[in-house]
Amino acid sequence: MRTAWVTLLLTALLAAPAFAIDKNPPLQDPQLQARYETLTHQLRCLVCQNESIANSTADLAADLRGQVRKMLQEGKSNEAIIDYMTDRYGQFVLYKPPVRPSTWLLWAGPFALLLLGAVGLAVVVRRRSRMVAPEAAPETEDEDPWA
Amino acid sequence: MIRRYALYALPLLILVGLVGFFWRGLYLNPSQIPSPLIGKPAPSFDLPRLDDASRRIAPGDLQGQPFLLNVWATWCAACKQEHGTLVQFAQDTGVTIVGLDYKDERKAAQLWLEEHGDPYAVVAFDADGQAALDWGVYGAPETFLVDADGVIRAKHIGPLTPDVLYRDWLPRLKKGGR
């Protein structure tokens, strides 16, 4: 009896992906379908901004998926499709912004901060070790309030 | 000594900078995405008219005069909100306003205009939203200002206000939209 319940539960969990967001059947050509999936995961739904168009149930996402599908079937390249989207919706439609002068700060920022922190740390550590080393012993004796 | 104080002041300066960024962020609306189409020729379309499906309308037909393209639909609550302003503006100024009825039902849209007034010179009926997609529309209402050369000069996302129409756009429309 118990195993039956567990099996039922597991089956129900496995069935979750069946509630597909994309109502269209997969593209005939598996290569096209693979490109379709890559592209729809790279493009942002502009209505529900934290979802890709592959994961969004919004009407607009469905329209944008339809556009990607249509352009793939017309034999357009991935770049052509991405360009179509960015020409109309701006760089914001891309989940992964391209590296260009206006996004250098975005890409390099975290590393620059890390470097800054590391340099700062090195400076502090070096200064402290220099300060303490020669006079460490007498000072602690004089200033120790518990002595 | 001064160098030392400067170092202590650094975190404070960084904090002030961050507060500046966050303060500005408070007043930014993330649902307003600037359109890359501004300064570009308006995308064309060729759509049936709302009032008469047998006649067609293309933005090219309007070349030579500035106009507004207003994306609306009967299912869009914010469109109702701006509609009165739009009707008033069309009456006051005679500016050409083209409607793009976005993924709507023809009959409902016709009734809607009868009931609430019709500010549009002509309304294109975009049943599948393809034209709207080409214009980079991601919701309704959205309004574009197109100049006499057919170039998009401005875009407003969300319901239009008298401020935008009369203060910002009317002076430009009088100068050919440029």
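So that the names make sense, note that chain A is the first sequence line, chain B the second, and so on, each numbered from 1. Here the structure is a predicted model, which is why all the values come from computation and not from measurement.
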Do A:Thr86 and A:Leu94 have side chains that approach each other closer than 4.5 Å (heavy atoms only, starting at C-beta)? yes
Heavy-atom contact with chain A under 4.5 Å, split by part of B:Asp134: both
Proximity breakdown for B:Lys40 and chain A, heavy-atom pairs closer than 4.5 Å: neither
Share the residues that join A:Leu106 in a hydrophobic cluster, the rule being Ile, Leu, Val, Met, Phe, Trp or Tyr side chains under 4.5 Å apart at the heavy-atom level. none
Non-hydrogen atoms of chain B under 4.5 Å away: do they reach the side chain of A:Leu46, the backbone, both or neither? both
Result of checking B:Trp169, B:Tyr120, B:Tyr166 against B:Phe89 for ring-ring contact (aromatic ring centres under 6.0 Å, His included): B:Tyr166
Looking only at A:Lys70, A:Gln67, A:Arg88, A:Met85, the option with the highest number of non-hydrogen pairs under 4.5 Å against chain B is A:Arg88
For the backbone of A:Pro26 and the side chain of A:Tyr36, can you confirm whether one donor and one acceptor N or O come within less than 3.5 Å of each other? no
Side chain from CB out, backbone as N, CA, C, O: work out which of these in A:Asp63 comes under 4.5 Å of a heavy atom of chain B, or both, or neither. both
Output the option from A:Val47, A:Asp59, A:Asp87 having the highest count of non-hydrogen pairs under 4.5 Å with chain B. A:Asp87
Does any N or O in the side chain of A:Gln42 come within less than 3.5 Å of the main-chain N or O of A:Lys96, such that one atom is a donor and the other an acceptor? no
Heavy-atom proximity to chain B below 4.5 Å, by part of A:Tyr89: both
Could you tell me which portion of B:Leu133 (side chain, backbone, both or neither) has an atom closer than 4.5 angstrom to a non-hydrogen atom of chain A? both
Residues B:Val71, B:Trp135; criterion side chain to side chain contact (heavy atoms under 4.5 Å, CB included); working and verdict: CA-CA 10 Å; B:Val71 183; B:Trp135 280 66; over 6 Å; no
